[in-house]
Amino acid sequence: MTDSHTLVAEHVSLGYGDRTVVDGLDLTVPPGRITTIVGANACGKSTLLRALSRLLAPSQGHVLLDGKAVHTQPTKAVARTMGLLPQSPLAPEGIAVADLVARGRSPHQRMLSRWAVADEQAVEEALELTGTTDLVDRSVDELSGGQRQRVWIAMALAQQTDILLLDEPTTFLDICHQIEVLDLLTDLNRTRGTTIVMVLHDLNLAARYADHLVAMCGGQLLAGGTPEEVLTAETVERVFGMRSEVVADPVSGKPMVLPIGRHHSAQPVGHA
Amino acid sequence: MRTAPATRPAPSPLRAGRRRRAASRRRAAALLGVLVLALFALSLMVGQTFYGPGEVWRVVLGQDVPGASFTVGTLRLPRAVLGLVAGASLGIAGVTFQTMLRNPLASPDIIGISAGASAAAVIGIVVLRVDEALVSGMAIVAALVTALVIYLLAYRDGVLGTRLILIGIGIAAMLDSVVAYVIVRAAAWDLQVAMRWLTGSLNGATWGIVLPLVVAAAVLMPVLLAQSRQLDLLQHGDDTASALGVRVERTRLTVIVAAVALIAFATAAAGPIAFVAFLAGPIAARVVGPGGSLMVPAALTGALLVLAADLAGQHLFGTRYPVGVITGVLGAPYLVYLLVRTNRAGGSL
C-alpha cells in the first residue's frame, strides 16, 4: 500500500532568513524502506527533515509528495499521509497518555465529528505496538524518558501515516531504550510497510537499521546508498573530519565505524 | 416478556479512562456554570434594598414590579450582564493567548493590549474631550493596533513566544507611562471619567454600554471555540501541530484577531479589569484538570471572578471599590509567584 507514496526533494535550497543551510540538494526517499540521515552537527540534517515534512518552504527547488509540491497541498491531507516526530515535542502539563496519543487522530477528524471506532482502534493499536497500553492513565509528566519517547511514537503511529519522519528519536535515551525504539520502528516498517526517514546521531546504529543511508556535509548530500556503499573510512573522514576504521559489525554484518583518535590505538598512528 | 438486558462488552481501559476524564472535566465546568448563575442572581438581588428571587424573576420577564423594576431592571441588570459578559470575554481571550503562546504570562493584560486600550481612552477623554462612544471606538482600535505592533516586533520566521511576551511587557510599561502622564495633566472633572479606564469598573453600566459588548461576544466567542481543537494541538509546539494537520499561521492569526477584539470590546465597556484575563485560565486549569480545551471553563471562571469581585467590592467593605481594585489585589501576588517560578523553570499552563 505504501509503495504508492513517493517523497522526493528536487534540488532544494533551504535556510532561515539570509542564512542558507542546505544548498541544491537532491534526495529520493525509497518507498517502504528505512532511510537514515547522518552528518556532523549543523550540517542541515534537521533542516532537510523539516523541509520534507513541509514545515519549511524551500527557497529554491521542490519537495514532491506523490509528485506534487508538498507545500501546495492542504496541511490536513499531507498529515494523513506523512507524520513527523520532532526532536523535542511539548506536552501540556498533566495530560494523560491516552489523551495525548488520541491527539494523533486529529488529521482524520472534522471540526465537530465524534470519536469513531476507527479512531479507537488506531489508538489501541498504536499503544500496543509501542508497549504503552499499561500507561494510558498515567500523566505524561511522570514517565521516564524511554516511556515518554514510546508514547510520542504512539501518537505518531495513531496518525496512521504511510510515511513517518523522525528527528533523532533516540536522543536522551539510554542504549537499551535506543535499541527498543529502533526495533519498534523496524517492526513498523516490516509489518506495515511504513516508509521511515530518520535523522540519527549514532553512526553504527544508523548503519545497522538503515536500508538506505544518507550522509550529509555542509548542507550537501555527500553520499547515499546502502550502508555498505556509504559507510567507508573515506566518507567518515569527509563528513566528520575524523580518521576511522570501518569493519563488519559481528552481530549484523553491517559496517561499523571505529574511530582512531590520537590515543589508545594499538598501532602507532602518525599525524596525517 | 422481558428480555435479559443485552450484555454490553466492558469498555477498554483506554476508552474508560478517556470517558472518565472527559466526564470529570464536564462536571467541573458545569459546577463553574452553576456558580456563575448563582452569583449573577445574587448580583440582581442584593443592594441597598434586597429583592427576593421571585421579584427579580418577574422583572427579568419584563413585568412591572413597583420599585424593583427600576432598581433591578435599570440599575442592577445591565451591571450584572456587563460583569458576566466582560468577565467571560476576558477569560476566554486570556486563555487563548496563554495556550497559543504556551505561557501563563502571555495574557493580553500583561502584554500591553489592555494598556493600549486604556491609553487611547484616557487621551480621548482628557486631551481630545470626545464623547463616550468615540472613546470606546478609539479604545478598540488602539487595542488592535497595539496587538499588531507587538506581533510585528516579535515576528521572526514565524516563531513567537518569549520574545513576544517581553516585547509586550515593554510596550505595556510604555503605554502605562503615557496614561500616567495624561492623568497628571488632567482636570479634576475628567479624572473621574478617566479612572474607569485605569482600574476597570462596572459602575454606570447602561444598556448602551453593554449591548455592543454582548453583540461582539456573540460573534467572536464562537470563532474562538471553533479553533479550540487546533489551539490545543499548538500546545505541542508548532512543528508537531503542523504535522498533525494544523494550519499554524492561519489558526494563530484567527485567534489573535478574535481574542484581541474581544478584549478590546470588554475593555471599552468595563475598563481594563485587572488580571481577569491573566487569572481565569490558570484557575480554570486547576479546576477542570488537564487534557481538554480550557476555553469554556476559562470564560466561566472570568465571569465568576468579575461577578464575585464586584459583589465584594460593593458590599463587603465600608467604602465601595471598583471591581478592578479587588481583582488587582487577587492577581498581583499570582503574577509575582509566576515570575519567580518561570524564572526557575519554563512555565506552562
Side-chain angles (χ1 to χ4, degrees), chain A residues 15-17 49-50 53-56 74-80 82-112 115 120 123-124 127-128 133-134 136-141 152 155-156 158-159 161 164-165 167, chain B residues 11-22 24-25 98-99 101-104 155-159 161 222 225-251 281-282 285-286 288-294 345-349:
Chain A
Y16 302 95
L49 204 69
R50 284 175 58 87
S53 59
R54 139 189 227 294
L55 294 173
L56 186 67
T75 317
K76 228 171 174 173
V78 173
R80 285 192 287 264
M82 185 161 68
L84 167 76
L85 185 59
Q87 206 174 110
S88 35
L90 307 165
E93 213 168 274
I95 192 169
V97 168
D99 295 335
L100 182 76
V101 175
R103 289 186 172 186
R105 297 300 297 161
S106 305
H108 300 274
Q109 290 171 325
R110 297 184 168 278
M111 199 167 83
L112 295 171
W115 185 252
E120 186 81 14
V123 173
E124 296 261 11
L127 291 166
E128 204 162 305
T133 308
D134 294 338
V136 281
D137 288 329
R138 297 270 296 278
S139 157
V140 175
D141 305 331
W152 282 116
M155 174 165 153
Q159 205 174 332
T161 56
L164 184 56
L165 312 177
D167 194 356
Chain B
S12 69
L14 166 71
R15 197 179 187 111
R18 276 172 54 77
R19 275 190 180 163
R20 196 177 57 244
R21 282 186 296 274
S24 132
R25 285 195 296 267
Q98 289 164 328
T99 309
L101 296 172
R102 298 184 278 274
N103 193 321
Y155 190 93
R156 195 187 296 162
D157 291 333
V159 186
L225 289 171
Q227 299 289 329
S228 73
R229 211 179 253 181
Q230 284 88 322
L231 198 62
D232 286 342
L233 293 176
L234 276 182
Q235 290 179 308
H236 300 295
D238 293 356
D239 289 2
T240 311
S242 178
L244 289 171
V246 176
R247 277 174 292 190
V248 173
E249 286 304 317
R250 183 177 158 151
T251 300
R286 297 289 175 281
V288 301
S293 169
L294 284 175
S348 72
L349 262 189

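Proteins come first, then strands; the chains are lettered A, B, ... in the order of their sequence lines, and each starts at number 1.
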Within the structure provided, determine whether [X] and [Y] are in side-chain contact (heavy-atom separation under 4.5 Å).
X	Y	answer
A/Leu49	A/Leu84	yes
B/Arg18	A/Val123	no
B/Leu244	A/Pro107	yes

Side-chain (A/Gln159) to main-chain (A/Ala79) donor-acceptor, under 3.5 angstrom: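 At least one qualifying donor-acceptor pair exists.
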Expected output: side-chain B/Arg102 to main-chain A/Pro92 donor-acceptor under 3.5 Å: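 Checking the backbone N and O of A/Pro92 against the side chain of B/Arg102, no donor-acceptor pair under 3.5 Å is found.
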For A/Pro89 against B/Thr240, the heavy-atom pair lying closest together: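 For A/Pro89 versus B/Thr240, the nearest heavy atoms are CB-OG1, 3.7 Å.
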Distance-minimising heavy-atom pair for A/Leu90 and B/His236: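 For A/Leu90 versus B/His236, the nearest heavy atoms are O-ND1, 2.7 Å.
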Top contributor to chain B contacts, counting heavy-atom pairs under 4.5 Å, from A/Asp137, A/Leu56, A/Val97, A/Val136: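 Option with the top pair count is A/Asp137.
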Picking from [options], which has the most non-hydrogen pairs under 4.5 angstrom with chain A?
options	value
B/Gly289, B/Ala243, B/Gly292	B/Ala243
B/Ala241, B/Ser242, B/Gly245	B/Gly245
B/Asp232, B/Asp239, B/Leu233	B/Asp239

Chain B heavy atoms under 4.5 Å from [X]: which part of the residue, side chain, backbone, both or neither?
X	result
A/Met82	backbone
A/Leu85	neither
A/Ser53	neither
A/Glu120	both
A/Arg80	neither

Interface moiety of B/Val248 toward chain A, non-hydrogen atoms closer than 4.5 Å: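 Neither the backbone nor the side chain of B/Val248 comes within 4.5 Å of chain A.
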